[in-house]
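Only one structure is covered here, and it is reproduced in the block below.
Lettering of chains follows the sequences in order, A, B, ..., and the numbering in each one begins at 1.
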2 protein chains.
Amino acid sequence: MATKVEQTTKEKVKQTAQKLFREKGYAAVGMRELAKEVGIQAPSLYNHYKSKDDILREICMDMAAQFFTAFDAAIATEQKAGRQLRAVIRAHIGVVAANMDSAEVFFQEWIFLEQPALGKFKKMRLEYETKFRGILDKGIRKKEIKKVNTKLATFAIFSALNATYDFMRSTEKLSQEQMADELADLLLKGLKT
Amino acid sequence: MATKVEQTTKEKVKQTAQKLFREKGYAAVGMRELAKEVGIQAPSLYNHYKSKDDILREICMDMAAQFFTAFDAAIATEQKAGRQLRAVIRAHIGVVAANMDSAEVFFQEWIFLEQPALGKFKKMRLEYETKFRGILDKGIRKKEIKKVNTKLATFAIFSALNATYDFMRSTEKLSQEQMADELADLLLKGLKT
DNA sequence: TTGTTTTGCTAACAACTGTTAGTATATGGC
DNA sequence: GCCATATACTAACAGTTGTTAGCAAAACAA
């Protein structure tokens with residue numbers, strides 16, 4: 001028990017920023033608005049973060065770390081490409097479900113990062129894509145997966161995965177596991193009977 | 001011949017806005033910056049549009065109309081769900097390819113629309129989703145398509161389609177038709193051998 | 001020609017932006 | 001107790017925001 005008590009101001013700032021950045025976009029959220037929602041004055045935010053960009057950076061970098069960790073853990077549990085893909089999809093959705101606000105900020109608002117964080121972020125993003133694409137490439141070599149354009153397929157799959165937060169916020173409810181299985185089936189087996 | 005000559009200032013404003021809104025996000029683009037890129041002064045923009053929001057509204061509504069038209073035309077050419085789906089995917093990608101900047105603005109920046117345009121937009125979006133979902137539902141009834149959660153599948157397919165503009169801007173090049181076929185195959189037949 | 005509409009300009013507005021300086025109060029270690 | 005750190009505050013900054021007023025020149029209609 002006791003999972004939400006004892007939240008520091010800094011944590012509250014981060015959480016509120018995640019919510020507001022997602023709802024209105026980074027550029028459209030002012031420091032005064034953020035502060036008000038937290039229950040403090042704008043300048044007090046600077047006791048916890050160096051700048052507005054610093055808040056965004058922490059959100060994005062934390063999420064990146066989570067996605068990487070979950071990916072690596074998932075990939076290690078399986079050998080065959082199809083099963084690895086399924087595991088990665090499940091892991092990815094797990095992270096999104098556990099961080100509904102920040103996951104969306106991570107995917108949509110990272111463009112507002114300033115250098116050098118922006119460069120670092122792009123590099124990580126590319127690395128993640130490449131790792132993912134590697135599963136497909138390996139699967140094709142072992143003939144477990146059809147010969148497809150792996151770059152296009154990777155883009156498509158990522159986007160489909162990121163659709164999960166739209167779905168999670170919609171009226172229709174499904175468990176994380178059901179969503180992951182449905183999506184994995186769709187991507188692996190297709191729609192056709 | 002002669003397809004780009006004789007561009008009115010208003011057209012130039014719209015085109016420039018599409019480019020900037022896509023690159024930096026609606027909220028991060030100022031009227032002065034937009035005007036400078038067009039080659040006029042900021043207040044002169046108001047000779048062509050009533051407000052900043054008015055520009056965004058025109059971009060979004062024009063794209064919505066294009067997607068609807070292309071969708072309806074595509075759906076009319078086929079009977080079977082699988083083939084309809086393929087036709088719709090091809091049509092959708094065609095619209096994205098022909099409007100690479102505005103399509104992305106349409107998908108990402110519509111949140112900044114003000115009422116009543118925002119409400120109208122959401123309604124249209126829902127209508128599009130519902131129409132699309134209708135194809136899947138019909139296909140399932142006729143047993144041409146597997147029993148899936150059509151809402152989740154619709155979300156996933158839309159997202160995958162919107163990945164096309166990322167792909168189009170990446171290094172790897174594919175024709176519109178190849179992209180459409182690759183994606184349709186992926187979604188209909190799946191990745192598994 | 002005339003009058004009218006369109007399209008551009010400069011100057012300026014009130015509101016808002018992220019941020020800093022300087023200060024007071026509370027908190028925790030010794 | 002005392003000192004240091006952390007955290008909050010108010011006041012204010014320089015710059016930017018979307019937008020309006022008022023005016024001039026060009027374009028067009030008669």
Do Arg133(A) and Thr154(A) pair up side chain to side chain, a donor and an acceptor below 3.5 Å, judged on atom types alone?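 No, no side-chain donor-acceptor pair sits under 3.5 Å.
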Does a donor on one side chain and an acceptor on the other come within less than 3.5 Å for Gln41(A) and Lys36(A)?
->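 There is no such pair between these side chains.
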Euclidean distance, atom [atom1] of residue [X] to atom [atom2] of [N] [Å, nearest integer]:
| X | N | atom1 | atom2 | value |
| --- | --- | --- | --- | --- |
| Met31(B) | dC16(C) | CE | P | 18 Å |
| Leu45(A) | dT20(C) | CG | P | 13 Å |
| Ile55(B) | dG18(D) | CD1 | P | 10 Å |
| Asn47(B) | dA26(D) | CG | C1' | 13 Å |
| Lys52(A) | dT17(C) | NZ | C1' | 8 Å |
| Lys50(A) | dT20(C) | NZ | C1' | 16 Å |
| Phe21(B) | dG18(D) | CZ | C1' | 12 Å |
| Gln41(B) | dA11(C) | CD | P | 10 Å |

Classify Val38(A) by what it touches in the nucleic acid, base, sugar-phosphate, or nothing, heavy-atom distance under 4.0 Å.
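Val38(A): no heavy atom of the nucleic acid under 4.0 Å.
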Contact class for Val13(B) vs. all strands (heavy atom < 4.0 Å): base, sugar-phosphate, or nothing?
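The answer is nothing, as Val13(B) stays clear of every strand by at least 4.0 Å.
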Reckon [X] has a side-chain N or O less than 4.0 Å from the OP1 or OP2 of [N]?
| X | N | result |
| --- | --- | --- |
| His48(A) | dA8(D) | yes |
| Ser44(A) | dC9(D) | yes |
| Thr9(A) | dT7(D) | no |

### Query
Which nucleotide, dT7(C), dT20(C), dT19(D), lies nearest any side-chain atom of Arg32(B)?
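The listed nucleotide nearest to Arg32(B)'s side chain is dT19(D).
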Closest to the Ile40(A) side chain: dG18(C), dA8(D), dT19(D)?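 The closest nucleotide is dA8(D).
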- prompt: Do Phe155(A) and Tyr165(B) have ring centres separated by under 6.0 Å?
  reply: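 No, ring centres 6.0 Å or more apart.
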*Which one of Lys14(B), Lys10(B), Arg57(B), Glu58(B) satisfies the side-chain hydrogen bond (donor to acceptor under 3.5 Å, both in side chains) criterion with Tyr49(B)?*
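By the side-chain hydrogen bond (donor to acceptor under 3.5 Å, both in side chains) criterion, Tyr49(B) pairs with just one of Lys14(B), Lys10(B), Arg57(B), Glu58(B): Glu58(B).
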field: 5' precedence on DNA chain C between Pro43(B) and Ala42(A) (nearest-nucleotide basis)
entry: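 Nearest-nucleotide comparison on DNA chain C picks Pro43(B).
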**Asked** Nearest heavy-atom pair of Met63(B) and Ser102(B): which atoms, and what distance?
**Response**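 For Met63(B) and Ser102(B), the tightest heavy-atom pair comes out as SD-OG, 3.4 Å.
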